[in-house]
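Values reported hereafter were calculated over all heavy atoms of this structure, with side chains retained and with hydrogens, waters and symmetry mates removed. Keep in mind that this is a model prediction, so the values were computed, not measured.
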Amino acid sequence: MAVSCCSSAIDFDSIPLTALTGTVRKKLALYLNPKQVSAADWTALAEAMGFEYLEIKNYEQYQNPTKMILENWERTSTQATVGKLLEMLTAVERVDVISDLQGPIEEDCKKYLKKQLQEQPVQVPKVDSCVPKTLEMNGITINDDPSGHMPELFDAFICYCHRDIDFVHEMIRQLEQTECKLKLCVFDRDVLPGTCVWSITSELIEKRCKRMVVIISDDYLDSDACDFQTKFALSLCPGARSKRLIPVKYKPMKKQFPSILRFLTLCDYTNPCTTSWFWGRLAKALSLP
């Protein structure tokens with residue numbers, strides 16, 4: 001589909017959203033981030049993309065929500081094309097944005113098409129799909145296959161700060177060493193030293209672990225590593241659509257509970273009335289497909 005607001009005959013529906021550069025995305029954010037009374041903002045675009053109410057509320061915490069919804073939409077939707085974006089902007093009556101950005105959008109699309117033509121091989125070689133694209137992600141855990149053919153997988157990644165390590169040991173006893181027989185990814189126990197912490201963490205959370213358990217405490221709130229892990233996991237499942245992230249509170253807190261996790265159901269070990277159900281509920285949640 002060639003959008004009429006743009007002068008060229010480019011088929012925007014065939015061009016993925018990844019074609020739009022950071023410059024265009026920043027300009028989109030300048031139009032859509034501010035709350036407006038007379039015009040639709042980023043929340044209207046998020047609704048058009050199919051995000052749910054709680055997902056949109058979660059994005060409000062970010063300084064640049066437009067950037068976040070674009071990134072998550074292009075990662076999770078097969079419809080994330082430039083044409084679909086232009087169509088949605090038209091639907092929410094922001095033709096002014098398309099009109100003002102038509103030049104940069106067309107330029108990005110032309111550059112993308114030109115690059116695709118330049119990179120198109122004369123003959124496509126055979127590809128072994130079993131070989132991972134990045135060798136640095138091979139052999140990152142204790143029981144990993146160094147060749148990358150059979151990466152070690154886990155039921156849950158445990159997000160914790162080092163001062164809460166005693167409760168992590170209790171979690172191992174209750175979930176791994178009982179009939180539950182779950183497999184937890186505990187960074188200090190399972191990850192081999194010598195590689196980039198952030199790259200490995202992202203790989204484990206996104207590709208190796210079905211869930212992530214976040215152990216909430218006052219010390220957790222002061223941990224940069226825990227903050228990164230939590231926000232990364234939330235970006236993979238805005239609105240908790242896949243029940244990917246499970247917050248656990250195991251001792252009383254003096255500080256305020258993190259606002260970005262308030263919309264998720266808490267597994268509370270501090271409540272004496274429900275302590276007997278705690279491990280069973282948590283094990284069941286981690287056992288789900």
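- Under 4.0 Å is where a charged nitrogen must lie from a carboxylate oxygen, and between Glu152 and Lys207 no such pair does.
- Heavy atoms from other residues, nucleotides or ligands lying under 6.0 Å from CD of Glu170 number more than 12.
- Screening Asn64, Asn72, Thr43 against Tyr59 for a side chain to side chain donor-acceptor pair (under 3.5 Å) leaves a single residue, Asn72.
- Between Phe167 and Tyr250, the two ring planes are parallel [angle under 30°; tilted spans 30° to 60°].
- More than 12 heavy atoms of other residues, nucleotides or ligands shown are found within 6.0 angstrom of NZ on Lys249.
- Relative ring orientation between His162 and Tyr160 is described as perpendicular, the plane-to-plane angle rising above 60° on a 0-90° scale split at 30° and 60°.
- What you find for Ala285 and Arg211 is that their closest heavy atoms are O-NE, 3.6 Å.
- Side-chain atoms of Arg189 come within 3.5 Å of backbone N or O of Leu184 as a donor-acceptor pair.
- With Lys255 as the partner, the side chain to side chain donor-acceptor pair (under 3.5 Å) test is satisfied by one option alone out of Asp222, Asp218, Asp219: Asp222.
- Glu71 and Arg75 are not joined by a salt bridge, as no carboxylate oxygen comes within less than 4.0 angstrom of a charged side-chain nitrogen.
- Grouping the Ile, Leu, Val, Met, Phe, Trp and Tyr side chains by contacts below 4.5 angstrom, directly or via other members, places Trp277 apart from Met171.
- Using a cutoff of 4.0 Å between basic side-chain nitrogens and carboxylate oxygens, Lys110 and Glu107 are not scored as salt-bridged.
- By the 4.5 Å heavy-atom criterion applied to side chains, Leu32 and Arg94 are counted as neighbours.
- Side-chain contact annotation: Tyr31 with Asp100, donor-acceptor N/O pair under 3.5 Å present.
- Residue pairs meeting the side chain to side chain donor-acceptor pair (under 3.5 Å) criterion with at least one partner in residues 279-289, sequence neighbours excluded, do not occur; the list is empty.
- Residue Lys183 places its NZ atom among more than 12 non-hydrogen atoms of other residues, nucleotides or ligands, all under 6.0 Å distant.
- Residues forming a side-chain contact (heavy atoms from CB on, under 4.5 Å) with Thr21 (at least two apart in sequence, or on another chain): Thr23, Val24, Asp108.
- A donor atom on one side chain and an acceptor atom on the other are not found under 3.5 Å apart for Asp41 and Asn33.
- Side-chain contact check for Thr18 and Tyr112: no donor-acceptor pair (N or O, by modelled atom type) lies under 3.5 Å.
- Val197 is connected to Ile205 through a chain of hydrophobic side-chain contacts under 4.5 Å among Ile, Leu, Val, Met, Phe, Trp and Tyr, so both are in one cluster.
- In this structure, Leu89 and Leu28 have side chains that are in contact, with non-hydrogen atoms separated by less than 4.5 Å.
- Side-chain contact annotation: Ser217 with Asp164, donor-acceptor N/O pair under 3.5 Å present.
- A salt bridge is absent between Lys181 and Asp155; no separation between the charged side-chain nitrogens and carboxylate oxygens falls under 4.0 Å.
- The side-chain heavy atoms of Val214 and Leu264, taken from C-beta on, include no pair separated by under 4.5 Å.
- Remark: of the listed residues Thr230, Leu261, Asp268, Val248, Leu261 is the sole one forming a side-chain contact (heavy atoms from CB on, under 4.5 Å) with Ile216.
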